[in-house]
Amino acid sequence: MRKKLNKLETKEVLEILKNLYPDAKSELNFTNPFELLIATILSAQSTDKRVNSITKDLFKEYKTPKDFLSLTTEELGEKIRSIGFFRNKSKNILSTCKILLEDYDGEVPKTREELIKLPGVGRKTANVVISNAFGKDAIAVDTHVFRVSNRIGIVKAKNVDETENQLMKNIDKDLWSDAHHWLIFHGRRICKARSPKCSECPLTNHCLYYKNVIQKEG
DNA sequence: AACTCGGGGCA
DNA sequence: TGCCCAGAGTT
């Protein structure tokens, strides 16, 4: 079995991805922690584009947990219907707003332990909020980051926790946020879950997936 | 670990 | 039509 790439090799791989996606960044560029939290809850199993299509109007009218709590789950649900899972998300968002208002004086908590207890907030969403609003001290691992990191060998992990730990260990902290976005862009554009475009990928020489699956098929 | 929630975009 | 989507919660 091939071992995962070391820190220097990982750095080289990330440099290649950086050049491939020079302007990789999230379209969910909210600086307000509350807006970022809500937008990130909404983004689960959806896309940034869809979330952005509704948050602009939503945040114009509803800016605080208290504002959101003036809505019923049915009313909020109608406003976010187009992104999918709208009943769950509406219910979770209002429950989260209630907790923010009652337990955190309307503010967004800054630790993962607190964030992850909020309804609709899992490890990934908590890390997005931390890494984009609170000190950047986290790498958010979504399905793309997990899949791409393992395929190209910068981690060898069987779950999200291991992926997160190995990435943080092998990547300099000042690159965490950028690396997150490079990996996601690569996952969406080339290193797709099914039918990856390996012929367009500059990392096939590093790639365990290419070595073990694609080449054997060919 | 497997299952459910889901409407909309796109081929 | 069928496939897919920057996850989370429950069992």
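Proteins come first, then strands; the chains are lettered A, B, ... in the order of their sequence lines, and each starts at number 1.
- Look at Glu164(A) and Arg123(A) and you find a salt bridge, because one of the NZ, NE, NH1 or NH2 atoms lies within 4.0 Å of a carboxylate O, short of that distance.
- For the OP1/OP2 pair of dC5(B) and a distance below 4.0 Å, the side-chain nitrogens and oxygens of Arg87(A) include no atom meeting the criterion.
- Rounded to whole Å, the separation between the P atoms of dA6(C) and dA11(B) comes to 15 Å.
- Between the Glu162(A) side chain and the Lys158(A) main chain, a donor and an acceptor come within less than 3.5 Å of each other.
- Computed from coordinates, the Ile54(A) CD1 to dG9(B) P distance equals 12 Å when rounded to whole Å.
- Taking the P atom of each, dG6(B) and dT11(C) are spaced 16 Å apart, rounded to whole Å.
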In 5'-to-3' order, the base (B), backbone-only (S) or no-contact (-) status of each nucleotide in nucleotides 4-11 of chain C, using a 4.0 angstrom heavy-atom cut-off, is SBBBSS--

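- A side-chain contact (heavy atoms from CB on, under 4.5 Å) with Val155(A) is found for exactly one of Thr163(A), Val145(A), Thr10(A), namely Thr163(A).
- Around the NZ atom of Lys7(A), the shell of radius 6.0 Å holds more than 12 heavy atoms that belong to other residues, nucleotides or ligands.
- Using bins of under 30°, 30° to 60° and over 60° for the plane-to-plane angle, the ring pair Phe30(A)/Phe59(A) lands in the perpendicular bin.
- Rounded to whole Å, the P atom of dG8(B) lies 24 Å from the corresponding atom of dG9(C).
- Comparing Lys49(A) and Arg81(A), the nucleotide of DNA chain B nearest to each residue sits closer to the 5' end for Arg81(A).
- Side-chain contact between His180(A) and Leu167(A): absent, with no pair of heavy atoms (C-beta onward) separated by less than 4.5 Å.
- Rounded to whole Å, atom C1' of dG8(B) lies 16 Å from atom CG of Asn52(A).
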